[in-house]
Amino acid sequence: MSVKTALRVIEIIEVYAREKRPLALSELARLLQVPVSSCLALIRTLAELGYLYEVGRRNGYYPTSRLLAMAQQIARNDPVRDRVYPSLLELREATQETVVFAKLTPEHRVVYLEVLDSPHTIRYAPVAGEFRELHANSLGKALLSTLPPARQLELLRRGPLTRYNDRTLVEPEAVLAEIAASRQRGWFRNLGESLAEVGAIAWPLSLGGEHYAISVGAPVYRIEPNQDAYARILRAACAALEQNAI
């Protein structure tokens with residue numbers, strides 16, 4: 001029950017992030033697909049703790065700035081983010097494209113730890129906390145490359161690899177060949193393998209004995225002609241982070 005309650009609280013936050021407006025109790029319950037009575041108990045608790053407030057009678061509830069303040073305080077004290085953020089910012093400024101910092105979860109999915117958006121109107125716009133599959137993601141390939149070859153093959157053979165489109169590599173051996181070629185080339189890439197018009201290049205790094213990866217992502221038409229230039233900047237940033245961590 002406690003796990004389900006925690007999940008509901010996170011879902012409430014995500015609903016508000018998606019809807020961007022006050023929500024009446026009945027509407028929130030509908031969006032969460034839960035009974036109104038269950039939703040009411042959660043809303044009352046969050047309101048009592050100062051995380052939600054009632055906009056007005058029959059006008060619904062909306063999050064207070066307490067949630068933002070807590071999130072900012074947590075982010076400011078993240079030891080890994082604090083170490084890498086200046087370099088991520090410099091990389092974003094140098095490329096003018098979206099920069100993502102990620103690592104593998106215990107379940108061997110890619111989780112985005114930090115995202116710095118491109119200033120371009122048309123841009124790749126993921127969100128921190130999103131998950132991606134290994135085989136069709138530049139960060140996933142970069143992170144896979146840090147594992148022993150036998151382990152790479154084992155993870156790729158765990159189940160059918162999702163085919164997102166005709167560019168997606170779905171044979172484990174083909175993914176391994178692409179990883180080997182990427183190491184020799186000097187960057188790992190995804191050119192429309194998961195989202196047809198989105199591309200990214202990535203490179204791994206090690207901090208405190210843990211493996212991470214950084215990517216530069218953008219529409220394919222901007223990434224493809226700049227792969228080599230962006231890769232040089234990206235590798236230099238990763239090398240500097242590793243050197244400073246020693």
Side-chain angles (χ1 to χ4, degrees), residues 84 88 91 94-95 97-115 118 123-124 126 130-207 209-242:
V84 304
L88 299 179
L91 186 58
T95 62
E97 301 296 359
T98 298
V99 172
V100 180
F101 179 60
K103 73 173 303 186
L104 289 183
T105 69
E107 298 78 26
H108 295 97
R109 292 188 296 170
V110 179
V111 59
Y112 291 177
L113 302 177
E114 183 66 76
V115 176
S118 164
R123 62 183 184 272
Y124 175 44
E130 288 186 4
F131 296 97
R132 292 290 188 273
E133 293 189 70
L134 294 170
H135 69 288
N137 182 272
S138 63
L139 290 158
K141 295 172 188 175
L143 290 164
L144 263 177
S145 75
T146 66
L147 303 176
R151 183 60 172 154
Q152 294 179 32
L153 186 59
E154 177 189 345
L155 292 176
L156 292 170
R157 284 180 171 174
R158 286 186 306 174
L161 301 179
T162 304
R163 182 184 294 278
Y164 294 97
N165 55 51
D166 291 342
R167 294 186 179 185
T168 310
L169 301 177
V170 293
E171 296 297 330
E173 291 74 13
V175 179
L176 291 178
E178 171 63 17
I179 289 173
S182 298
R183 269 291 184 189
Q184 185 172 7
R185 180 174 55 230
W187 66 88
F188 298 85
R189 67 185 180 190
N190 168 13
L191 295 179
E193 295 171 34
S194 50
L195 297 172
E197 297 178 356
V198 174
I201 63 167
W203 196 250
L205 69 156
S206 178
L207 298 172
E210 292 288 324
H211 293 295
Y212 300 87
I214 301 174
S215 73
V216 176
V220 170
Y221 71 85
R222 289 207 304 264
I223 279 289
E224 196 162 18
N226 292 298
Q227 291 177 85
D228 187 66
Y230 288 172
R232 286 196 299 271
I233 299 171
L234 178 56
R235 289 196 306 271
C238 290
L241 280 167
E242 289 184 321

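Surrounding CD of Glu107 are more than 12 heavy atoms belonging to other residues, nucleotides or ligands, all under 6.0 Å away.
Taking the six-membered ring where tryptophan is involved, the planes of Tyr164 and His135 are essentially parallel, since the angle between them stays under 30° and well short of 60°.
Between the CD1 atom of Ile201 and the OH atom of Tyr230 there is a distance of 8.5 Å, given to the nearest 0.5 Å. Atoms OG and CG, from Ser145 and Leu134 in turn, are 11.0 Å apart once rounded to the nearest 0.5 Å. Separating the CD atom in Gln227 from the CG atom in Leu234 is a distance of 12.0 Å, to the nearest 0.5 Å. To the nearest 0.5 Å, the span separating CG on Asn190 from CG on Leu169 amounts to 9.5 Å. Interatomic distance, Leu104 CG to Tyr212 OH, rounded to the nearest 0.5 Å: 11.0 Å. Put simply, NE2 on His108 and CZ on Arg151 are 4.0 Å apart, with the number rounded to the nearest 0.5 Å.
When every heavy atom of Ala202 is checked against every heavy atom of Leu139, the shortest pair comes out as CB-N, 3.8 Å. Shown here for Pro172 and Arg157, the closest heavy-atom pair between the two residues is CG-CG, 3.9 Å. Counting all heavy atoms, side chain and backbone alike, Gly192 lies closest to Val220 at N-CG2, 4.0 Å. Minimum heavy-atom separation, Asn137 to Tyr112: ND2-OH, 3.0 Å. Scanning both residues, Arg123 and Ser118, for their nearest heavy atoms gives CD-O, 3.0 Å. Contact between Leu156 and Leu144 at its shortest, heavy atoms only, is CD2-CD1, 3.9 Å.
Contact annotation: the side chain of Ser138 never approaches that of Trp187 to less than 4.5 Å [non-hydrogen atoms, C-beta and beyond]. At a threshold of 4.5 Å between non-hydrogen side-chain atoms, the residues Ile214 and Leu241 count as touching. With a 4.5 Å cut-off on side-chain heavy atoms, Glu114 and Val84 do not count as touching. Contact of the Leu91 side chain with the Val216 side chain is registered, since non-hydrogen atoms from C-beta on lie closer than 4.5 Å.
Remark: the backbone N or O of Tyr124 is paired with a side-chain donor or acceptor of Thr98 at under 3.5 angstrom. Under the 3.5 Å distance criterion, the side-chain polar atoms of Ser215 are left unmatched by any main-chain donor or acceptor of Gly217. Of the possible polar contacts, none joining the Arg132 side chain to the Gly140 backbone as a donor-acceptor pair under 3.5 Å is found. Here the side chain of Ser206 pairs no donor or acceptor atom with the backbone of His211 at under 3.5 angstrom. With hydrogens and angles ignored, the 3.5 Å screen pairs a side-chain donor or acceptor of Gln152 with a backbone N or O of Leu147.
Under the 4.0 Å criterion applied to side-chain N and carboxylate O atoms, Arg109 and Glu130 are not assigned as salt-bridge partners.
In this structure, Arg189 forms no cation-pi arrangement with Trp203, as its terminal cationic atom is not both closer than 6.0 Å to the ring centre and no more than 45° off the ring axis.
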(request) Under the side-chain contact (heavy atoms from CB on, under 4.5 Å) rule, what do Thr168 and Thr162 come out as? Steps first, then yes or no, please. (result) CA-CA 8 Å; Thr168 310; Thr162 304; over 6 Å; no
